[in-house]
Amino acid sequence: TRAGISVYDGVTWESYSIADELPAMTFKGLQMDRKGKMWAISEVNQGVFYIANYDGSRWNEIPPPILPPEVKLEATTAFIMMQRPGHTIIAVGTRNNGIIFWKRGEWVHISKKNGLPDNSVNGIVTLDDRFYVATKNGLAVIDSHFKVHNGLNKELNLPESQLDIKGIGIEYRRQYPDSELQYDRIW
């Protein structure tokens, strides 16, 4: 929201703001990790976004990424996390600068220079320790060591005129126990 973050427990509302150690006032995305910790990403303000997590009693800020001066961050387009044994990897897609990953306290910037099909990211999902990334110039698969794989576009026979992938989603079979779905599916 534009006034911090609010939570409803079924009985009462509680709101958090900068006074409660949030690093910004305007937040655009929330994700919960497997341990039940809530993570939040702010809107981009003066080329910077902030991420914080709530540990049950207070908000804890992750230091924002320090990007090279030529990287002019305008907006984030995706916010997702991958749970790995002992740590979490956060991926932040951007409108014009690829993806910025956070892993074990370090930020890694992946762009066209590193093999991403395009710097405009339209969505990200995770499956089997990989990030599947929809860009304006096709799909990319990025492993948990940030190696970019671009063979999926050819494998799917996507014509070059139709590589602008507008979005991506995932259907987890374990999420719907009554479903006849046999495998997780990426849409």
Side-chain angles (χ1 to χ4, degrees), residues 1-84 86-112 114 116 118-126 131-136 140 142 144 146 165-170 172 175:
T1 69
R2 294 185 190 276
I5 297 174
S6 298
V7 61
Y8 179 66
D9 66 4
V11 179
T12 59
W13 283 93
E14 187 168 0
S15 294
Y16 300 95
S17 67
I18 289 176
D20 301 298
E21 300 184 47
L22 280 177
M25 282 301 295
T26 306
F27 282 81
K28 70 176 288 180
L30 298 167
Q31 289 281 323
M32 183 171 290
D33 68 18
R34 287 186 185 156
K35 294 181 180 179
K37 187 183 295 184
M38 184 59 68
W39 295 73
I41 185 169
S42 74
E43 293 275 356
V44 172
N45 186 0
Q46 296 181 346
V48 178
F49 64 82
Y50 297 93
I51 294 177
N53 63 59
Y54 187 71
D55 65 12
S57 62
R58 65 185 295 260
W59 286 96
N60 304 287
E61 178 186 350
I62 294 173
I66 299 171
L67 300 171
E70 68 272 9
V71 175
K72 304 293 184 210
L73 194 60
E74 295 175 7
T76 59
T77 57
F79 173 55
I80 193 159
M81 54 184 52
M82 176 191 293
Q83 307 293 294
R84 301 280 298 145
H87 67 281
T88 298
I89 302 173
I90 295 173
V92 178
T94 70
R95 181 186 310 153
N96 60 335
N97 283 296
I99 304 173
I100 305 165
F101 290 97
W102 181 78
K103 178 181 178 180
R104 297 185 182 203
E106 299 290 327
W107 288 99
V108 176
H109 180 223
I110 302 292
S111 67
K112 284 181 75 170
N114 309 96
L116 199 62
D118 196 275
N119 283 335
S120 181
V121 174
N122 295 325
I124 306 171
V125 296
T126 64
F131 294 92
Y132 291 80
V133 183
T135 77
K136 274 194 166 186
I142 302 174
S144 60
F146 310 125
I165 310 298
K166 299 293 186 186
I168 191 165
I170 191 157
Y172 293 108
Q175 203 167 10

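Note that the numbering runs from 1 along the sequence shown for the chain. Hydrogens, waters and symmetry mates are skipped; everything else that's a heavy atom, side chains included, is used.
The main-chain N or O of Phe79 is found under 3.5 Å from a side-chain atom of Gln31 such that the two form a donor-acceptor pair. Side chain of Thr77 to main chain of Val121: a donor-acceptor pair is present (N/O by atom type, distance under 3.5 Å, no hydrogens or angles). Side chain of Asn96 to main chain of Lys72: a donor-acceptor pair is present (N/O by atom type, distance under 3.5 Å, no hydrogens or angles). Here the side chain of Lys103 pairs no donor or acceptor atom with the backbone of Val108 at under 3.5 angstrom. Judged purely by atom type and a 3.5 angstrom limit, Asn122 uses its side chain to pair as donor or acceptor with the backbone of Ile165. Without hydrogens or angle criteria, Ser120 side chain to Arg95 main chain gives a donor-acceptor distance under 3.5 Å.
Atom CZ of Phe27 is separated from atom OH of Tyr50 by 10.0 Å, given to the nearest 0.5 angstrom. Note that CH2 of Trp102 and CD1 of Ile89 are 10.0 Å apart. Values are rounded to the nearest 0.5 Å. Distance OG1/Thr94 to NE2/His109: 6.0 Å, rounded to 0.5 Å. To the nearest 0.5 angstrom, Arg58 atom CZ is 4.0 Å from Glu21 atom CD. A distance of 8.5 Å separates CH2 of Trp39 from CG of Asn60, quoted to the nearest 0.5 Å. Ile5 CD1 to Met25 CE: the interatomic distance, rounded to the nearest 0.5 Å, is 10.0 Å.
Here the side chains of Val44 and Glu74 are not in contact, with every heavy-atom distance at 4.5 Å or above. Ile62 is listed as a side-chain neighbour of Ile90, based on a closest heavy-atom distance under 4.5 Å. Using a 4.5 Å heavy-atom threshold, the side chains of Met82 and Ser144 count as touching. A heavy-atom distance below 4.5 Å is not found between the side chains of Ile170 and Tyr132. Looking at heavy atoms from C-beta onward, Lys28 lies in side-chain contact with Ile41 at the 4.5 angstrom threshold. Side-chain contact between Tyr172 and Val125 is absent, with no heavy-atom pair separated by less than 4.5 Å. Here the side chains of Val7 and Tyr54 are not in contact, with every heavy-atom distance at 4.5 Å or above.
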Quiz item: Should Val92 and Ile51 be marked as a side chain to side chain contact (heavy atoms under 4.5 Å, CB included) after you check the CA-CA gap, both sets of side-chain angles, and the distance that decides it?
Solution: CA-CA 10 Å; Val92 178; Ile51 294 177; 3.9 Å; yes
Exercise. Using the side chain to side chain contact (heavy atoms under 4.5 Å, CB included) rule, take Asn53 and Thr88 through it: C-alpha gap first, then chi angles, then the decisive distance, then the call.
Key: CA-CA 12 Å; Asn53 63 59; Thr88 298; over 6 Å; no
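Considering every non-hydrogen atom in both Leu22 and Gly4, the closest pair reads CD1-CA, 4.0 Å. Among all heavy-atom pairs drawn from Ile168 and Ile124, the shortest one is CG2-N, 3.6 Å. Considering every non-hydrogen atom in both Ala140 and Leu116, the closest pair reads CB-CD1, 4.0 Å. When all heavy atoms of Asp20 and Ser15 are compared, the pair lying nearest together is OD2-O, 3.7 Å. Among all heavy-atom pairs drawn from Gly10 and Tyr8, the shortest one is O-OH, 3.0 Å. Here the closest non-hydrogen pair linking Ala91 and Phe101 is CB-CE2, 3.5 Å.
With sequence neighbours left out, Asn45 forms a side-chain hydrogen bond (donor to acceptor under 3.5 Å, both in side chains) with no residue at all.
Between Phe49 and Trp107, the distance separating the two ring centers is shorter than 6.0 angstrom.
Using the six-membered ring where Trp is involved, Tyr16 and Trp59 have ring planes that are perpendicular, over 60° apart on the 30 and 60° scheme.
Residue-environment remark: CD (Glu70) exceeds the threshold of 12 foreign heavy atoms within 6.0 Å.
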